[in-house]
Q: 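Supplied in structure tokens, the structure appears directly below.
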Amino acid sequence: MTSSIHENALSFADALPDGGSLMGLDLGTKTLGVAVCDAGWRFANADKTITRGKFGKDCEALRAIVEARRIAGFVLGLPRNMNGSEGPRAQATRAYAANLARSFDLPILLWDERWSTTSATRDMIGQDMSRAKQKARVDSHAAAVILQGAIDAMTGHSLPGLAS
């Protein structure tokens with residue numbers, strides 16, 4: 001397997017001919033939300049939120065999860081503006097993806113993350129989660145929303161118009 005950066009779910013899936021567990025990432029300026037899915041690409045689950053440091057520190061934390069869960073690829077949320085354009089945060093995410101590609105021999109999918117945090121917050125409110133728990137878990141839940149959208153698109157279960 002070789003590291004490659006994709007912006008299309010189907011080309012990303014083609015880079016994973018044997019399937020495998022995936023890691024979803026919601027990249028923030030201070031935290032990194034992490035989610036994982038099963039090898040059959042059915043369900044994304046919020047995992048943890050990592051306090052960001054230098055890339056090397058982030059990489060160590062990610063490597064531990066990659067090895068423990070036998071991760072086959074990354075789905076990294078790409079923060080586009082509501083009109084679809086890209087600003088500084090999207091550029092920073094693309095740079096982070098390039099660093100991931102140099103550090104891991106795994107394919108990477110950049111997935112449009114518009115509304116992921118809003119959706120995650122709405123889901124947690126629906127679960128009657130306290131505001132304190134929401135704040136602590138929103139990034140990992142947003143990563144699960146990002147990852148679920150990508151795996152739904154790869155397996156043909158996405159809603160029309162939402163696949164990238």
Side-chain angles (χ1 to χ4, degrees), residues 3 5-7 9 12 16 20-39 41-82 86-101 103-104 106-154 158 162-164:
S3 181
I5 299 174
H6 302 265
E7 293 196 39
F12 177 68
L16 297 159
S21 298
L22 302 174
M23 182 186 300
L25 300 173
D26 180 36
L27 181 65
T29 56
K30 296 179 183 177
T31 60
L32 182 61
V34 178
V36 295
C37 76
D38 59 296
W41 302 346
R42 290 178 295 274
F43 303 106
N45 295 297
D47 190 347
K48 63 175 63 177
T49 300
I50 298 168
T51 301
R52 297 235 1 241
K54 293 189 179 204
F55 181 76
K57 180 181 176 265
D58 293 358
C59 199
E60 270 182 42
L62 294 175
R63 191 169 306 284
I65 300 167
V66 165
E67 291 172 2
R69 304 275 188 133
R70 292 184 245 159
I71 298 296
F74 293 104
V75 176
L76 180 58
L78 182 64
R80 289 194 166 117
N81 296 321
M82 293 314 258
E86 295 185 10
R89 288 196 61 231
Q91 292 170 356
T93 299
R94 288 182 182 282
Y96 198 89
N99 285 336
L100 276 179
S103 300
F104 293 90
L106 300 173
I108 300 163
L109 172 63
L110 294 174
W111 187 257
D112 188 341
E113 71 165 31
R114 285 178 282 185
W115 298 105
S116 62
T117 301
T118 302
S119 179
T121 302
R122 190 177 311 128
D123 290 347
M124 290 186 293
I125 289 169
Q127 296 170 19
D128 204 25
M129 192 177 289
S130 71
R131 286 192 188 267
K133 284 185 180 177
Q134 287 176 38
K135 185 177 180 184
R137 299 180 182 172
V138 70
D139 296 319
S140 63
H141 280 262
V145 169
I146 291 163
L147 181 55
Q148 189 68 52
I151 62 177
D152 286 349
M154 292 186 312
S158 65
L162 293 183
S164 265

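Treat the numbers as computed from the prediction; the structure is a model and nothing was measured.
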Q: Find out whether Val36 and Ser21 are in side-chain contact, i.e. whether some heavy atom of one side chain is under 4.5 Å from a heavy atom of the other.
A: no

Q: In the structure I gave you, are the side-chain heavy atoms of Leu106 and Met23 within less than 4.5 Å of one another anywhere?
A: no

Q: Closest heavy-atom contact between Ala97 and Leu76?
A: CB-CD2, 3.8 Å

Q: What is the minimum heavy-atom distance between Gly77 and Pro79, and which atoms define it?
A: O-CD, 3.5 Å

Q: Over all heavy atoms of both residues, which pair between Ile50 and Ala61 is shortest? Give the atoms and the distance, please.
A: CD1-CB, 3.8 Å

Q: Measuring from atom CG of Leu62 to atom CD of Glu67, what distance do you get when rounded to the nearest 0.5 angstrom?
A: 11.0 Å

Q: Is any side-chain heavy atom of Asp26 closer than 4.5 Å to a side-chain heavy atom of Glu113?
A: yes

Q: Would you check if the side chain of Gln148 reaches a backbone N or O of Arg42 as a donor-acceptor pair within less than 3.5 Å?
A: yes

Q: So does Leu27 get a backbone contact from the side chain of Arg89, meaning a donor-acceptor N/O pair under 3.5 Å?
A: yes

Q: Looking at every heavy atom in both Ala144 and Ala44, which two are closest together, and how far apart are they?
A: O-CB, 3.5 Å

Q: Is there side-chain contact between Trp111 and Leu78, with at least one heavy-atom pair below 4.5 Å?
A: no

Q: Is there a side chain to side chain contact (heavy atoms under 4.5 Å, CB included) between Phe74 and Leu25 once you walk through the steps?
A: CA-CA 7 Å; Phe74 293 104; Leu25 300 173; 3.8 Å; yes

Q: Has Trp41 got a side-chain atom pairing as donor or acceptor with Gly20's backbone, closer than 3.5 angstrom?
A: yes

Q: Could you check whether any side-chain heavy atom of Glu7 comes within less than 4.5 Å of a side-chain heavy atom of Leu109, counting everything from C-beta outward?
A: no

Q: Looking only at heavy atoms, which two atoms of Leu100 and Phe55 are closest? And how far apart?
A: N-CZ, 3.8 Å

Q: Kindly state each residue pair satisfying side chain to side chain donor-acceptor pair (under 3.5 Å) with at least one member in residues 55-65, sequence neighbours excluded.
A: Arg52-Asp58, Asp58-Tyr96

Q: For the atom pair OG1 (Thr93) and CD (Glu86), what is the distance rounded to the nearest 0.5 Å?
A: 9.0 Å

Q: Do Leu22 and Met154 have side chains that get closer than 4.5 Å, going by heavy atoms?
A: yes

Q: Restricting to side-chain hydrogen bond (donor to acceptor under 3.5 Å, both in side chains), what partner residues turn up for Thr31, sequence neighbours left out?
A: Asp139

Q: For the CZ atom of Arg94 and the CG atom of Leu110, what is their distance to the nearest 0.5 Å?
A: 5.5 Å

Q: Is there a side-chain contact between Cys37 and Leu147, using heavy atoms and a 4.5 Å cut-off?
A: yes

Q: Does atom CZ (Arg69) have a neighbourhood of more than 12 heavy atoms from anything else shown, all under 6.0 Å?
A: no

Q: Taking all non-hydrogen atoms of both residues into account, name the closest pair between Ala46 and Ala35 and its distance.
A: CA-CB, 4.1 Å

